[in-house]
Student: 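First, the structure itself, so that you have it in front of you.
Counting convention: from 1, in listed order, for ligands and their atoms alike.
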Amino acid sequence: MIRVQSVAPDSIGGELEIVPGTELLAVNGRPLEDFLDWEFLTADERFLLAARLPTGEEIEYDIERPEGLPMGVTLEPPRIRRCANHCDFCFVDGNPDGLRTPLYIRDDDYRLSFRYGNFATLTNLKPWDIERIVEYRLSPLYVSVHATDPTIRRWLLRNPEAPEITPQLGWFAERGIAFHTQVVLVPGVNDGVELERTLAALYDLGPAVLSVSVVPVALTEFSKHGLVRELTRDECRAALAAVDRVATRALAERGAPWCFGADDLYLQAGEPLPGPAWYGDFEQRENGVGSVRFLQTRIAAAVDRLPDLAGKRIGVVTGRAMGPLMPQVLTDVAATTGGRFELVVVENTLFGSSVTTAGLLPGAAIERALVDRRDLDFVLLPAEAVNDDLVFVDDVRADDLAARLPFPMQLSYDFADALSECGVRNAECGIESQTPHSPFRTPHHGAGKGEG
Ligand code: SF4
């Protein structure tokens, strides 16, 4: 059973007078378990929907849904599938007290992997889940592999029951399911020869493995430092060399690099990022792979839309990870708009200085960095630092923050979105998110920003 949260007025759901709180029971007699059933089973042009209204009345709707007409029904958030692993590097263990509740949830949910690109380990699949992945063709899935050696993977996940990943992926691949994969690199465990083995095994699975990213493990002040440490610069360089070897082979044999180092890996290695073309469609950018180049590409594509900002002084808030990389991006924007852009690199006072991603910046730290600035005309904030309710990781609301600061602010994913807006309204930008994102994203599974 799933429950309706809201109904759009100009939609089939609105016409049928389905109201919030209605329980959606079955489609064509098949019980509805979650949003996947709802989406897939109502895709037909005609179906029978059994529902129970909040009054208790049960109704069966005979629905005709011409192609393209929205049902307009938003469901209550699903019960998230919890993780069965206990990784030493789990970000949830590294969380301080007082964060938004979802940040303490260890999700490992293939449904969110399909829908939102959250990484999942596939260690908690029931036979029913496996059937659904194949039946609904949930592809591509985003999978945390970490190591293909079963013993090493089980050790990393701290889960002796974890199934062997290579046969598991191979089984799905034979049934048409494809994957983007990641390896969170833990020094002394799955780097070096093990990394080479893992990359080779994934490559040998053929085209069903669409990409693999190698992401350095990210720890906070509160992580289990007695059990896991971060990579050294030399270890990052060695990992990048392994990535390069496989990418060179993939380029020659498949025409695309296939294997990518996360931006953080380049940063920690002190090596330059590849150019934008390297990343193809930037399919793992949400995982911090090619994010900088993606940003530059977006700005270049939006040149015509960027306003004249001559004489304006614009603050750009970011975390320490992007600090050294951002000047390349800002140079492009400044040249296009004539504005003066100033980077405001904010230290993460909540998780500790080792957490450098902009997506985890607390509102309080941003406020401290900006509160005395009277010289800025407006400020761009990283939109990924707030959830869909525009609340920072430390429960500070973006509009409350804006009210306490002496200049307008705008949440921005890529400058082009927010600057176009600022240009139109001439620095009277309000706080609003330009792009919706998954309400289920949780910054754990060891990667800097992504999951899995
Ligand atoms: S890192 Fe991910 S897979 Fe590992 S314990 Fe945490 S939530 Fe589970």
Student: Suppose we only count N/O/S atoms under 2.8 Å; would Cys87 qualify as near atom 4 (Fe) of ligand 1?
Tutor: yes

Student: Out of all atoms in ligand 1, which are within 4.0 Å of some heavy atom of Thr121? Include the element for each.
Tutor: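 Per the distance check, 3 (S).
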
Student: Could you name each residue pair satisfying side chain to side chain donor-acceptor pair (under 3.5 Å) that touches residues 233-252, not counting sequence neighbours?
Tutor: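 Checked against side chain to side chain donor-acceptor pair (under 3.5 Å) - neighbours excluded - the pairs reaching residues 233-252 are Glu196-Arg245, Arg229-Glu235, Thr232-Glu235, Arg249-Glu253.
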
Student: Are Phe114 and Tyr142 an aromatic pair, judged by ring center distance below 6.0 Å?
Tutor: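 So the answer is no for these two rings.
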
Student: Under a 4.0 angstrom heavy-atom cut-off, which atoms of ligand 1 come close to Arg106?
Tutor: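 Ligand 1 atoms under the 4.0 Å threshold to Arg106: 5 (S), 7 (S).
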
Student: Can Arg153 be said to sit on top of Trp155's aromatic six-ring, NZ or CZ under 6.0 Å from centre and within 45° of the ring axis?
Tutor: no

Student: Quick one: does NZ or CZ of Arg293 land under 6.0 Å from the six-membered ring centre of Tyr279, within 45 degrees of the ring axis?
Tutor: no

Student: If a pair satisfies salt bridge (charged side-chain N to carboxylate O under 4.0 Å, His left out) and one of its residues is in residues 346-358, list it, with sequence neighbours excluded.
Tutor: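 Passing the test, one end in residues 346-358: Arg320-Glu347.
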
Student: Quick one: does ligand 1 sit under 4.0 Å from the side chain of Asn85, the backbone, both or neither, non-hydrogen atoms only?
Tutor: both

Student: Any N/O/S atom from Cys90 (main chain or side chain) under 2.8 Å of atom 6 (Fe) of ligand 1?
Tutor: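 For Cys90, the answer is yes, given that an N, O or S atom comes within less than 2.8 Å of atom 6 (Fe) of ligand 1.
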
